[in-house]
*Asks:* 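Structure below; questions to follow.
Keep in mind it's a predicted model, so treat the numbers as computed, not measured. Order of appearance sets the numbers: ligands from 1, and atoms from 1 within every ligand.
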Amino acid sequence: MSIRIRPEDCRGCGRCVEVCPGNLIKRGPDGKAEISRPQDCWGCASCLKECAFGAIRYYLGADIGGRGGQMYTVRKGPLVHWIVERPAGEPVTITVDSRDANKY
Ligand code: SF4
Ligand code: SF4
């Protein structure tokens, strides 16, 4: 598993910078997010969950059956759409209502 931030999709909102428990994400000179030490990322997915714009991609390695797939989120109001794109096949979307986050 690994994380990559796509500068073309980053809006510079800073949410991922705030939530990374390892302080691994910084803002570059253009205001866009960058991972400073990707080798130290342990894949907690906090940044992924906070990025409303699908700019953070979580690559799913072969060790968990990902076979080169990637996962990202898009947020619309309280709804968080978790999208998994596989190398071959249709994307799969799982929608979570964040208002339900503490119900379980
Ligand atoms: S949360 Fe997403 S859009 Fe906001 S700074 Fe991070 S990568 Fe960019
Ligand atoms: S997955 Fe977790 S540790 Fe890795 S960059 Fe994102 S918030 Fe930081």
Side-chain angles (χ1 to χ4, degrees):
M1 291 176 282
S2 63
I3 291 283
R4 191 171 84 81
I5 301 175
R6 291 165 36 125
E8 63 270 36
D9 293 325
C10 176
R11 313 274 181 94
C13 71
R15 287 294 299 145
C16 57
V17 178
E18 291 170 24
V19 300
C20 177
N23 219 10
L24 305 177
I25 307 177
K26 311 281 183 205
R27 277 216 177 106
D30 58 359
K32 297 192 175 194
E34 300 171 351
I35 298 187
S36 55
R37 303 188 311 279
Q39 71 277 14
D40 291 340
C41 168
W42 60 91
C44 72
S46 296
C47 57
L48 182 77
K49 200 164 48 179
E50 289 299 324
C51 184
F53 308 107
I56 303 183
R57 301 293 167 124
Y58 195 97
Y59 286 84
L60 305 169
D63 52 334
I64 58 167
R67 298 185 183 178
Q70 55 182 286
M71 182 166 63
Y72 57 96
T73 64
V74 175
R75 188 179 288 260
K76 295 205 170 98
L79 300 181
V80 182
H81 303 289
W82 291 79
I83 301 160
V84 177
E85 286 183 1
R86 294 168 291 177
E90 290 296 308
V92 175
T93 301
I94 300 167
T95 300
V96 176
D97 189 328
S98 60
R99 293 169 295 194
D100 296 337
N102 295 321
K103 280 190 179 171
Y104 308 105

*Asks:* Should V96 and M71 be regarded as members of a common hydrophobic cluster, given that ILVMFWY residues are connected when their side-chain heavy atoms come within less than 4.5 Å of each other, either directly or indirectly?
*Replies:*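 Yes, V96 and M71 fall within the same hydrophobic cluster.
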*Asks:* May I ask you to list the atoms of ligand 2 that are less than 4.0 angstrom from any heavy atom of P21?
*Replies:* 7 (S)
*Asks:* For atom 8 (Fe) of ligand 2, what is the nearest protein heavy atom, given as residue, atom name and distance?
*Replies:*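 The answer is C20 SG, 2.4 Å.
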*Asks:* Closest non-hydrogen protein atom to atom 5 (S) of ligand 1, residue and atom name please, with distance?
*Replies:* G14 N, 3.2 Å
*Asks:* Within ligand 2, which atoms have a heavy atom of C44 less than 4.0 Å away?
*Replies:* 1 (S), 2 (Fe), 3 (S), 7 (S)
*Asks:* Look at ligand 2 and say whether P38 reaches it with a heavy atom at a distance under 4.0 Å.
*Replies:*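 Heavy atoms of P38 never come under 4.0 Å of ligand 2.
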*Asks:* Under a single-linkage definition using a 4.5 Å side-chain heavy-atom cutoff for Ile, Leu, Val, Met, Phe, Trp and Tyr, are V17 and L48 assigned to the same hydrophobic cluster?
*Replies:*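 Shared cluster, yes.
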*Asks:* I'd like to check I5 versus I25 (side-chain heavy atoms, cut-off strictly below 4.5 Å). Are they in contact?
*Replies:* yes
*Asks:* Once rounded to the nearest 0.5 Å, what's the spacing between atom NZ of K32 and atom CZ of R27?
*Replies:*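 K32 NZ to R27 CZ: 11.5 Å, rounded to 0.5 Å.
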*Asks:* Consider only side-chain heavy atoms of I, L, V, M, F, W and Y, link residues closer than 4.5 Å, and tell whether Y58 and I94 are in one cluster.
*Replies:*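 Same cluster: Y58 reaches I94 through Ile, Leu, Val, Met, Phe, Trp or Tyr contacts under 4.5 Å.
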*Asks:* When rounded to the nearest 0.5 angstrom, what is the spacing between CD1 in I35 and SG in C47?
*Replies:*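 So the CD1 of I35 and the SG of C47 are separated by 6.0 Å.
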*Asks:* Taking only protein atoms, how many N, O or S atoms are found under 2.8 Å from atom 2 (Fe) of ligand 1?
*Replies:* 1
*Asks:* Looking at R99 and D97, does any basic side-chain N land under 4.0 Å from a carboxylate oxygen?
*Replies:* yes
*Asks:* Give the cluster check for V19 versus F53: same hydrophobic cluster or not, with ILVMFWY residues linked at side-chain heavy-atom distances below 4.5 Å.
*Replies:* no
*Asks:* Step through the shown structure and confirm whether more than 12 heavy atoms of other residues, nucleotides or ligands are within 6.0 Å of CD on E90.
*Replies:*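 No - once you tally the heavy atoms of other residues, nucleotides and ligands closer than 6.0 Å, there are 12 at most.
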*Asks:* Does A45 have a non-hydrogen atom less than 4.0 Å from ligand 2?
*Replies:* yes
*Asks:* To which protein heavy atom is atom 4 (Fe) of ligand 2 closest, and what is the distance rounded to 0.1 Å?
*Replies:* C41 SG, 2.4 Å
